[in-house]
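Just so you know, ligand 1 is whichever comes first in the structure, and atom 1 is the first atom listed for that ligand.
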Amino acid sequence: MGAPERVPFNRPPLVGREAEYISDALGRRELSGDGHYTRACHAWLARRLRVPEALLTHSCTAALEMAALLVNFAPGDEVILPSFTFVSTANAVVLRGAVPVFVDVSPETLNIDAAAIEAAITPRTRAIIVVHYAGVCADMDAIDVIAARHGLRVIEDAAQALLSTYRGRPAGALGALGCFSFHATKNVVSGEGGALTITDPALAERAHIVWEKGTNRRQFLAGMVDKYTWVDIGSSFLPGELMAAFLLAQLEGAEGIVAERLKTWNAYHAAFQALEREGRLRRPVVPPECGHNGHLYYLLLPTAAERDRLMAALRADGIQAPFHYIPLHSAPAGMKYGRTPAPLAVTDDVSARLLRLPLFADIGRDVDRVIERVRAHLGH
Ligand SMILES: *Cc1c(COP(=O)(O)O)cnc(C)c1O
């Protein structure tokens, strides 16, 4: 009997029209950014996420950097964010000379804890960056109340949350600015890629300037000014047309990708109910106000040792099941550049016990094998 096929953690989806659109873009001889396909992606995002403006970027990292530029983070400013996130959420703050202030997450959703935000606010606090972990939106009602009371901006790191909703409103439309990723590990992909959504119309004009290297190219193209010149700081945040062409095909297939992922997510969730009841693991919690996009399925094992044992056993079976996040407050750069006003007990605890299971659009029957192996290793 041959060894069973490996089950990777992720395999980027192809939905059908990617090659056709790239070939069409080649035919148009329009390879730099802001062409036909970029504008089509902008229109899709604005319509589907119900935001006035959306701009493609090279990555979510770039979208976060744009957001930090647009809200004018400056040296000495403090920005509150979870420690349980990817490095880009914090780097965007540090690159402006501001200080990321790391706070704890809620043990249910692993999203930023509203009470912890309130406790970390100082006269220097300027903004809150929420992360919608696993495509489940953060506790926006409570966060909006805190932000309004203290005059803080809310920025969404919605890297994992394309087509997720909070009380029926799309992620990316819940703060002043939203940052998305189309990295190959996300639901909808373009290899590397991202987008910035702009819900505060006061930021829209400057967003185009920052996006186009600090120039007024957009006003020039619209005939509003007769010279195209340097008017503000900025960078080259726009991707080329080939990436946008690939991405448009993916966006058009986004609902199908999410439906496929939710099928797998629901299969895992049903399969592990009995193990949860016996206290052998804990499954993800999705609050009733959140509509999620099946981005990620994780298990919380009772102890770090049990997590490490299960991860190693699955690896020996050829199943790739990684952990998630060395908490940023405990990472070398996090200690150097950030501030952690209170111990992050939940973050330290869950990051040591969390295991992510393979989940991608065409996982097929491999999901049954993952379920069977997890059950077997946990004595079922
Ligand atoms: C993936 C991810 C990012 C980074 O996205 P890139 O497009 O690779 O820059 C940022 N934040 C979170 C929460 C992510 O999951």
Side-chain angles (χ1 to χ4, degrees), residues 9-10 12-13 41 45 54-69 79-95 100 102-103 105-106 109-112 127-138 154-164 171-172 174-175 177-197 211 235-240 243-244 246-247 250-251 254 257 261 284 290 292-298 322-329 331 333-334 338 347 350-351 354 356 359-360:
F9 173 64
N10 174 57
C41 290
L45 289 165
L55 292 172
L56 293 191
T57 57
H58 296 288
S59 59
C60 183
T61 303
L64 287 159
E65 288 174 20
M66 273 190 79
L69 275 163
V79 181
I80 296 173
L81 63 152
S83 168
F84 188 70
T85 182
F86 188 61
V87 297
S88 298
T89 323
N91 262 325
V93 173
V94 175
L95 282 166
F102 297 117
V103 300
V105 290
S106 126
T109 58
L110 317 188
N111 279 328
I112 194 164
I128 303 162
I129 307 182
V130 300
V131 177
H132 304 311
Y133 183 68
V136 176
C137 286
V154 177
I155 296 170
E156 297 174 78
D157 180 339
Q160 304 176 15
L162 186 74
L163 301 185
S164 295
L174 305 171
L177 296 162
C179 304
F180 288 91
S181 174
F182 305 119
H183 185 264
T185 53
K186 300 304 200 280
N187 287 22
V188 164
V189 310
S190 58
E192 305 284 346
L196 180 73
T197 51
W211 190 61
S235 188
S236 179
F237 288 111
L238 67 170
M243 195 164 97
F246 187 99
L247 181 63
Q250 289 267 314
L251 291 172
I257 293 170
R261 296 185 76 109
C290 294
H292 77 95
N293 62 357
H295 175 61
L296 191 161
Y297 198 86
Y298 63 84
F323 69 93
H324 221 178
Y325 301 138
I326 303 287
L328 296 184
H329 74 284
T347 299
V350 298
S351 62
L354 186 145
R356 292 178 292 161
L359 202 170
F360 44 90

Discussion item. If we only consider heavy atoms of F84, is any one of them less than 4.0 Å away from an atom in ligand 1?
Written reply: no
Practice prompt. Check ligand 1 against V131 and write out every atom of the ligand that is under 4.0 Å from a heavy-atom position of the residue.
Written response: 13 (C)
Fill in: Atom indices of ligand 1 within 4.0 angstrom of Y325 heavy atoms, with elements
13 (C), 15 (O)
Worksheet item: Where does the angle between the aromatic ring planes of H324 and Y133 fall among parallel (under 30°), tilted (30 to 60°) and perpendicular (over 60°)?
Response: tilted
Worksheet item: Is any side-chain heavy atom of D157 less than 4.5 Å from a side-chain heavy atom of L81?
Response: no
Item to complete: Using a strict 4.0 Å cut-off to heavy atoms of G193, name the atoms of ligand 1 that fall inside it.
Response: 7 (O)
Discussion item. Check for me whether A62 has a heavy atom closer than 4.0 Å to any atom of ligand 1.
Written reply: no
Discussion item. With a 4.5 Å cut-off on side-chain heavy atoms, are E65 and S88 touching?
Written reply: no
Discussion item. To check your reading of the model: name the closest protein heavy atom to atom 4 (C) of ligand 1, its residue, and the distance in Å.
Written reply: F86 CD2, 3.7 Å
Discussion item. I need the H183 NE2 to C60 SG distance, nearest 0.5 Å.
Written reply: 11.0 Å
Discussion item. Using a 4.0 Å cut-off to any heavy atom of T85, which atoms of ligand 1 qualify?
Written reply: 13 (C)
Worksheet item: Heavy atoms only: which of K186, H132, H183, Q160 is nearest to atom 2 (C) of ligand 1?
Response: K186
Item to complete: To the nearest 0.5 angstrom, please state how far the CG atom of L354 sits from the CG atom of L296.
Response: 7.5 Å
Worksheet entry | Sole candidate of H292, E156, Q160 that passes side chain to side chain donor-acceptor pair (under 3.5 Å) when paired with H132 | E156
Worksheet item: Between G172 and A158, which heavy-atom pair has the shortest distance, and what is it?
Response: N-CB, 4.5 Å
Practice prompt. Under 4.0 Å from a heavy atom of D157: give me the atoms of ligand 1 that qualify, with their elements.
Written response: 10 (C), 11 (N), 12 (C), 13 (C)
Worksheet entry | Per-residue contact class, T185 against ligand 1 - non-hydrogen pairs under 4.0 Å | neither
Item to complete: Check whether any side-chain heavy atom of T85 sits under 4.5 Å from a side-chain heavy atom of L328, and report yes or no.
Response: yes
Worksheet item: Considering only protein heavy atoms, which is closest to atom 14 (C) of ligand 1, and at what distance to one decimal place?
Response: A159 CB, 3.3 Å
Discussion item. Among A161, A184, S181, A195, which one puts a heavy atom closest to atom 7 (O) of ligand 1?
Written reply: S181
Practice prompt. Would you indicate whether the side-chain heavy atoms of V93 and I129 approach each other to under 4.5 Å?
Written response: yes
Fill in: Structural part of T61 in contact with ligand 1, heavy atom criterion under 4.0 angstrom
both
